[in-house]
Amino acid sequence: MLSFIIYILCLFQVVTFQDDVTWSSNNFIPFKEIFRYRLGSRLFLKNVLGNVLLFMPFGFFASYYLNVKKSYSIIILTMIASISIESVQMSIGRVFDVDDILLNISGGILGYMVYYFFKKLADKLPEFMKKEMFLNVISIIILLGVICLI
């Protein structure tokens, strides 16, 4: 639960942080911004991979806490959260980007897939790896890794 709270606080900071770039405008055309950057460039990594990685923990935590069995639930939850974030960004003077929504949904689905993989793997793990303390330490390490990447 602590990891989830830390993630939400970091997510709030990232989505409300004011960019220095003032020439950008809202983007309502799907894939316009995604294909704007050269594959592997710094801006590509920041925009595309950053948005995907930003929502992987959301997909994981939502799957865990809501005990989601179908991926379409995560798609809907991630879409609602992402549209909300983009709307807030537009209202505080940042830009609304439909590509961010698509990338965030991709991240939410990947987070669900990671959760599903670990859930299947859990039955085969030794007992010490199933203890809450061990899982808390691992989740904090993963969360810190994601935060450092963003």
Side-chain angles (χ1 to χ4, degrees), residues 1-122 125 129 135-150:
M1 183 60 119
L2 179 60
S3 295
F4 183 58
I5 292 169
I6 292 169
Y7 166 73
I8 294 297
L9 291 172
C10 290
L11 181 65
F12 178 77
Q13 194 278 330
V14 168
V15 301
T16 58
F17 179 74
Q18 185 66 37
D19 290 332
D20 292 334
V21 179
T22 57
W23 52 267
S24 295
S25 62
N26 294 326
N27 172 35
F28 299 102
I29 302 168
F31 305 108
K32 179 181 176 185
E33 288 295 313
I34 292 173
F35 294 129
R36 179 176 156 201
Y37 306 112
R38 190 175 44 87
L39 186 67
S41 69
R42 183 171 114 22
L43 288 173
F44 176 85
L45 294 174
K46 182 181 177 194
N47 184 43
V48 176
L49 292 182
N51 276 300
V52 171
L53 291 176
L54 186 67
F55 264 77
M56 278 183 70
F58 181 85
F60 183 88
F61 286 126
S63 300
Y64 175 76
Y65 287 114
L66 300 175
N67 199 17
V68 172
K69 306 224 185 315
K70 301 288 184 187
S71 61
Y72 66 83
S73 300
I74 290 300
I75 292 170
I76 292 169
L77 288 171
T78 306
M79 186 183 312
I80 291 169
S82 187
I83 290 171
S84 299
I85 286 170
E86 291 299 317
S87 299
V88 166
Q89 285 180 336
M90 189 167 57
S91 71
I92 64 171
R94 292 192 62 196
V95 296
F96 181 98
D97 188 355
V98 72
D99 289 346
D100 288 353
I101 295 169
L102 298 173
L103 294 167
N104 293 346
I105 291 171
S106 299
I109 292 169
L110 286 173
Y112 166 77
M113 292 168 72
V114 168
Y115 167 76
Y116 187 77
F117 171 77
F118 280 118
K119 188 173 180 182
K120 292 293 182 188
L121 183 67
L125 292 175
M129 292 179 131
L135 296 173
N136 286 339
V137 169
I138 294 299
S139 66
I140 289 172
I141 290 170
I142 291 170
L143 186 61
L144 289 174
V146 170
I147 291 170
C148 288
L149 288 173
I150 296 171

- Item | Separation between CD1 of I74 and CE of M113, rounded to the nearest 0.5 Å | 12.5 Å
- Message: Given 3.5 Å as the limit, does a donor-acceptor pair link the side chain of N104 with the main chain of D100, or not?
- Response: yes
- Query: side-chain contact (heavy atoms from CB on, under 4.5 Å) with I105: which of L110, I75, I83?
  - Reply: I75
- Query: Is the shortest heavy-atom distance from the side chain of S73 to the side chain of L66 under 4.5 Å?
  - Reply: no
- Got a donor-acceptor contact below 3.5 angstrom from the E86 side chain to the D97 backbone? yes
- Message: Within this structure, what is the CG-CE distance for the pair L77 and M79, rounded to the nearest 0.5 Å?
- Response: 10.0 Å
- Note on the structure: Taking every heavy atom of L39 against every heavy atom of F44, the minimum-distance pair comes out as CD1-CZ, 3.3 Å
- Would you indicate whether the side-chain heavy atoms of K70 and I76 approach each other to under 4.5 Å? no
- Test side chain to side chain contact (heavy atoms under 4.5 Å, CB included) applied to N27 and V95, step by step: CA-CA 8 Å; N27 172 35; V95 296; over 6 Å; no
- Message: Return the OH to CG distance between Y37 and L45, rounded to the nearest 0.5 Å.
- Response: 11.5 Å
- CG of N51 to CG of D99, rounded to nearest 0.5 Å, is 9.0 Å
- Query: Between CE of M56 and OH of Y115, what distance do you get to the nearest 0.5 Å?
  - Reply: 15.0 Å
- Might you confirm whether atom CZ of F4 has over 12 heavy atoms from other residues, nucleotides or ligands at distances under 6.0 Å? yes
- Task: Please check if atom OH in Y116 has more than 12 non-hydrogen atoms from other residues, nucleotides or ligands closer than 6.0 Å.
- Result: no
- Task: Search all heavy atoms of L102 against all heavy atoms of P30 and return the closest pair with its distance.
- Result: CD1-CB, 4.1 Å
- Of the non-hydrogen atoms in L103 and N47, which two are nearest, and what is the gap between them? CD1-O, 3.9 Å
- Counting heavy atoms not belonging to F28, are there more than 12 under 6.0 Å from its CZ? yes
- Between atom OG of S87 and atom CD1 of I101, what is the distance when rounded to the nearest 0.5 Å? 7.0 Å
- Could you tell me how the ring of F61 sits relative to the ring of Y65: parallel (under 30°), tilted (30 to 60°) or perpendicular (over 60°)? parallel
- Message: For I85 versus F55, what's the shortest heavy-atom pair and its separation?
- Response: CD1-CZ, 3.6 Å
